[in-house]
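Heads up: the structure comes next, in structure tokens.
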Amino acid sequence: MTSIASTQSSPHAAGPHARGHRVRSRHLARLLLVLASGCSPAANDAETPTAPPPAAAVPEVFRLTTTTLARHPLAIVEAAMRPLHAHFSAPARTSFDTDTLLQVTTTVRGRIVELPAKLGAIVRAGDPLAVLESSDLGEAQAELLLQERTAATAAPLVTLAKLEWERGQKLLAEAQGLSPADVARREVDYQTALGTQQRAGSAAAAAKNRLRLFGMEEAAIEQLLRAGVVQPRLVLRAARSGQVVERTAVLGAMAMPDGLPLFTLADPTVLWVLAEVPEARVADVVLDSPATVRLTWTPDVVCSGPVTFLAPRLDPVPRTAVARIEVRQPPAALRAGMTCEARLDVASSRVGEQGPQLAVPESAVQTIDQRTVVFVPVPGDATAFTQRTVDVGRAIDGFVPVRAGLVAGDKVVADGSFVLKAVALQNAAGEEK
């Protein structure tokens with residue numbers, strides 16, 4: 001044993017003879033160890049039928065200097081279960097709810113003499129919007145008064161003619177000197193007076209209806225009949241509550257029945273968002289599903305509402321269909337006519353069951369040599385990271401579902417992972433050289 005130890009410990013041995021001697025010495029030392037254990041070489045081989053498994057490959061460690069970390073700070077996050085819903089985005093524009101739009105016009109020609117309703121004002125049903133002064137209205141009121149007076153004057157004449165006719169019939173029956181011709185004449189007088197009264201009554205009723213069509217209220221008509229004074233002013237009132245979103249009425253201008261609407265009222269508590277859905281995405285739209293709306297010029301303004309309508313046909317030029325999103329109580333920054341972006345959920349039948357899934361931020365996932373990888377920090381060393389291959393799905397809401405390669409709670413590099421990708425590619429290039 002003394003000679004073997006000295007042979008192995010001689011650092012200055014040289015030449016083939018010396019190397020062969022060292023190899024023989026190692027074999028001899030191994031044989032001595034086997035004999036010392038009380039086993040034969042054959043027995044030891046019998047107890048070891050297979051070779052031990054090879055050691056697992058040690059993952060490559062990528063290191064960043066403190067200077068690099070200071071220049072490109074890394075965000076470390078944990079893989080976690082998140083409720084992911086597939087969606088797509090479409091350009092959109094806002095509009096008033098046309099089901100609640102009210103256009104105020106006039107059915108009588110007149111000059112605008114008062115404008116109590118201002119543009120943008122909130123009005124309630126019955127509030128005055130404008131006052132017109134109309135000669136046509138005055139003529140219709142005068143016609144009503146005339147016909148009412150004619151009917152009133154004809155009433156006693158009808159009564160008198162009827163009494164004379166009935167008296168003549170009685171005298172003729174009693175043969176008291178009244179001829180049948182006299183009785184017939186009295187009947188004609190009665191029918192004439194009755195016809196005059198009925199025509200006046202019909203004309204008065206027609207005049208009343210004309211005033212109602214002009215927009216004159218029933219209380220104002222009754223006041224006209226009581227006072228007997230023509231009032232050629234007409235008050236245009238709001239038929240329902242809303243906001244004055246458009247006003248073409250100008251003080252002193254003539255309002256015409258066939259002209260433009262004087263006012264447009266809209267419900268300010270509801271806005272429509274009309275999304276232009278591409279042809280390939282029409283089948284993904286689900287009625288009554290929630291949608292998110294974001295203004296293009298200020299992403300901070302976000303609101304939501306259900307999809308209430310999908311157009312039954314496509315616009316032939318852009319090949320898009322309009323999906324209507326109803327937003328109730330919209331934020332003050334959201335107004336009709338604005339451009340925005342609508343995010344609509346995809347039908348679950350198109351993407352399968354959706355629910356909580358293990359996910360990491362989209363920025364954490366990189367592609368290297370056609371492999372999808374994430375970078376995992378080495379515990380206890382803030383500058384060291386390893387690479388891990390993962391199986392992922394399509395990104396949703398800025399997160400990527402992870403099907404394999406990570407478990408909940410695993411830490412990965414999110415923001416700044418591109419720096420580690422650059423280091424990995426540099427190392428791979430160096431090894432190829």
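Values reported hereafter were calculated over all heavy atoms of this structure, with side chains retained and with hydrogens, waters and symmetry mates removed.
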Residues 64-79 side chain polar contacts: donor-acceptor under 3.5 Å, at least two apart:
from: Thr65; atom 1: OG1; to: Thr68; atom 2: N; distance (Å): 3.1
from: Thr65; atom 1: OG1; to: Thr68; atom 2: OG1; distance (Å): 2.9

| query | salt bridge (charged side-chain N to carboxylate O under 4.0 Å, His left out) with Asp410: which residues, sequence neighbours excluded? | reply | Arg388
| note | residues 242-259 vs side-chain hydrogen bond (donor to acceptor under 3.5 Å, both in side chains), sequence neighbours excluded, gives none
Tell me which donor-acceptor pairs under 3.5 Å the side chains of residues 147-155 have, and how far apart each pair is, sequence neighbours excluded?
from: Gln147; atom 1: NE2; to: Glu143; atom 2: OE2; distance (Å): 2.9
from: Thr150; atom 1: OG1; to: Leu146; atom 2: O; distance (Å): 2.9
from: Thr153; atom 1: OG1; to: Arg149; atom 2: O; distance (Å): 2.8

| query | So does Glu279 pair up with Arg319, basic N to acidic O under 4.0 Å? | reply | yes
| request: With sequence neighbours excluded, give me every side-chain hydrogen bond (donor to acceptor under 3.5 Å, both in side chains) pair touching residues 216-227. | output: Arg212-Glu218, Glu217-Arg237, Gln223-Arg226
| Do NZ/NE/NH1/NH2 and the carboxylate oxygens of Arg233 and Glu133 come within less than 4.0 Å? | yes
| message | Ignoring hydrogens and geometry beyond distance, is a side-chain donor-acceptor pair present between Thr383 and Asp381 at under 3.5 Å? | response | yes
| Residues in salt bridge (charged side-chain N to carboxylate O under 4.0 Å, His left out) contact with Arg240, at least two apart in sequence or another chain | none
| field | side chain to side chain donor-acceptor pair (under 3.5 Å) partners for Ser95, two or more places apart | value | none
Donor-acceptor contacts, no H, no angles, side chain residues 413-424, under 3.5 Å, sequence neighbours left out:
from: Asp415; atom 1: OD1; to: Ser363; atom 2: OG; distance (Å): 3.2
from: Ser417; atom 1: OG; to: Ser363; atom 2: O; distance (Å): 2.6
from: Ser417; atom 1: OG; to: Gln366; atom 2: NE2; distance (Å): 2.8
from: Ser417; atom 1: OG; to: Ala414; atom 2: O; distance (Å): 3.4
from: Lys421; atom 1: NZ; to: Thr367; atom 2: O; distance (Å): 3.2

| message | One pair to check against side chain to side chain contact (heavy atoms under 4.5 Å, CB included): Glu60 and Asn427. What are the steps and the verdict? | response | CA-CA 10 Å; Glu60 183 179 2; Asn427 290 356; 3.5 Å; yes
| Which residues share a salt bridge (charged side-chain N to carboxylate O under 4.0 Å, His left out) with Asp288, sequence neighbours left out | none
| request: Using the test side chain to side chain contact (heavy atoms under 4.5 Å, CB included), find all partners of Ala408 that sit at least two apart in sequence or belong to another chain. | output: Leu358
Donor-acceptor contacts under 3.5 Å from residues 320-334 side chains, at least two apart:
from: Thr320; atom 1: OG1; to: Glu276; atom 2: OE1; distance (Å): 2.9
from: Arg324; atom 1: NE; to: Thr308; atom 2: OG1; distance (Å): 3.2
from: Glu326; atom 1: OE2; to: Arg328; atom 2: NE; distance (Å): 3.2
from: Glu326; atom 1: OE2; to: Arg328; atom 2: NH2; distance (Å): 3.0

| field | Test salt bridge (charged side-chain N to carboxylate O under 4.0 Å, His left out) applied to Asp267 - qualifying residues, sequence neighbours left out | value | none
